[in-house]
Amino acid sequence: MPELPEVESVRRQLDPELRGRRITAVWTDPIPTMPREFHDVEAGTGHTVERVDRRGKFLIAPLDQGRELVMHLGMTGVLRFDLDSPHVRARLSLDDGRSLCFKDVRRFGRMAVVEAGMYEAIPMLAMLGPEPLSDEFDPEVFAWELRRTTSPIKPFLLSQRPVAGVGNIYADEALWMARIHPMSRKVGKARAFALHAAIRETLQRSIEREGTTFSDYQMVNGASGGNAAYLVAYGQQGKPCPRCTTPMKKIVLGGRGTTYCPRCQRA
DNA sequence: CACGCCTCCTGTGCGC
DNA sequence: TGCGCACAGGAGGCGT
């Protein structure tokens, strides 16, 4: 579900709502099915939210006294105020009388309160690659990482190691743009540079459209994103490739549905 | 160490 | 209509 553009769209709505709000009470599902689904969230009680940042697909809200509220939406996570739903797994009561509700049908999402920067409870966050839309996402380093790995390019992108925030949708989109076969284990420097630019472009365009909604993803105000109509690869199997009109093909790669153009994305 | 497979969970849509 | 299976935007754990 939510990849970087969706999480960023949520962040942009959440930040002004939460700034300066104090958490007065915390409720989490008493029967969490995943270990550490809600790691130490009650430790946020009494603390004030300074702002809402994003790192890859994580929302990170610094609290006063050096703590952080970390949230990951998983596949079906939604953040809304005062939401009434059987799938609400956590509620943060605020000093303005509202409560921030975390709805998560599939329970793949996580919340945690930790000491700032101490991510032992969230190893993925500590391992995260560079932010794709920042200067730390360097094309030379990216090309070097792609040369170094023996993994097929798409699962490597999904690992969050070479770059943060790319999931199944935008991996397919970016690989199509850069004309790289998702199974390719050899990506030369020119193609790596093209992929670097494609990742930035597909993410940035989607942020401008407030993300891609199929079913679950929605923003804090309940609205859907507008990017689904602009997808050229993900979910477009059988439709003509916009470049060459060859029907787009769907395969399973690393357990994930993968759509690409068999003509312009050669292995 | 790296990779592929399975699992976590619930809902939906499809084919029979 | 009902059933069973495949699949869904993510990630972690395990065995080879």
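Naming: A, B, ... by sequence-line order, numbering from 1 per chain.
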Salt bridge (charged side-chain N to carboxylate O under 4.0 Å, His left out) partners for A:Glu50, two or more places apart: none
Pair listing, ring-ring contact (aromatic ring centres under 6.0 Å, His included) test, anchored in residues 52-76 of chain A, at least two apart: A:Phe58-A:His72
Between C:dG10 (C1') and A:Leu73 (CG): distance, integer Å: 11 Å
Nearest-angstrom distance from the residue atom CZ of A:Phe58 to C1' of C:dG12: 12 Å
Value in whole Å for how far the P atom of C:dA11 lies from CG of A:Leu157: 13 Å
Sugar-phosphate only, base, or nothing, as touched by A:Arg161 at under 4.0 Å among non-hydrogen atoms: nothing
Pairing residues for A:Asp40 by the salt bridge (charged side-chain N to carboxylate O under 4.0 Å, His left out) criterion, not counting sequence neighbours: none
Under 4.0 angstrom between A:His87 side-chain N/O and B:dC9 OP1 or OP2: no
ring-ring contact (aromatic ring centres under 6.0 Å, His included) contacts touching residues 120-163 of chain A (sequence neighbours left out): A:Phe137-A:Phe142, A:Phe137-A:His196
Strand contacts (DNA chain B) in residues 146-156 of chain A, 4.0 angstrom heavy-atom criterion: A:Thr149, A:Thr150, A:Ser151
Sequence-distant partners of A:Tyr260, ring pair (Phe, Tyr, Trp, His ring centres under 6.0 Å), two or more places apart: A:His181
Whole angstrom value for the distance that separates C1' of B:dC9 from CZ of A:Phe102: 13 Å
Nearest-angstrom distance from the residue atom CG of A:Asp104 to C1' of B:dT10: 10 Å
Ion pair check, A:Glu17 and A:Arg98, cut-off under 4.0 Å: yes
Whether A:Arg161 side chain and A:Val163 backbone form a donor-acceptor pair below 3.5 Å: no
Residues which pass salt bridge (charged side-chain N to carboxylate O under 4.0 Å, His left out) with A:Arg200, listed by chain and number, not counting sequence neighbours: none
Identified stems (criterion: three or more consecutive Watson-Crick or G-U pairs, under 3.5 Å), DNA chain B: B:2-8 with C:10-16, B:10-16 with C:2-8
Ring pair (Phe, Tyr, Trp, His ring centres under 6.0 Å) against A:Tyr119, all qualifying residues, sequence neighbours excluded: none
Selection residues 79-105 of chain A - residue pairs positive for ring-ring contact (aromatic ring centres under 6.0 Å, His included), sequence neighbours left out: none
Separation of C:dG10 P from A:Asp216 CG (nearest whole Å): 12 Å
Interatomic distance, A:Phe38 CZ vs B:dC8 C1' [rounded to whole Å]: 14 Å
Whole-angstrom distance between B:dC9 and C:dC3, as gauged at atom P: 24 Å
Integer angstrom distance from the P of B:dC3 to that of C:dA8: 23 Å
Nearest-angstrom distance from the residue atom CE of A:Met127 to P of C:dG10: 18 Å
The single option from A:Thr212, A:Val10, A:Val78 passing side-chain contact (heavy atoms from CB on, under 4.5 Å) against A:Tyr217: A:Val10
Residue whose closest nucleotide on DNA chain C lies nearer the 5' end, A:Met124 versus A:Ser215: A:Ser215
Separation between the P atoms of C:dG10 and B:dC1, rounded to whole Å: 27 Å
Under-4.0 Å side-chain N/O to phosphate OP1/OP2 contact, A:His72 with C:dA11: yes
Using the 3.5 Å cut-off, write out each protein N or O paired with an N or O of nucleotides 5-8 of chain C and the distance between them.
unit_1	atom_1	unit_2	atom_2	d
C:dA8	OP1	A:Lys250	NZ	2.8
C:dA8	O3'	A:Tyr234	OH	3.4
C:dA8	N3	A:Arg106	NH1	3.2

Qualifying side chain to side chain donor-acceptor pair (under 3.5 Å) pairs, either residue in residues 233-244 of chain A, two or more places apart: A:Gln236-A:Lys239, A:Gln237-A:Thr259
N/O (side chain, A:Gln160) to phosphate O (OP1/OP2, C:dG10) under 4.0 Å: no
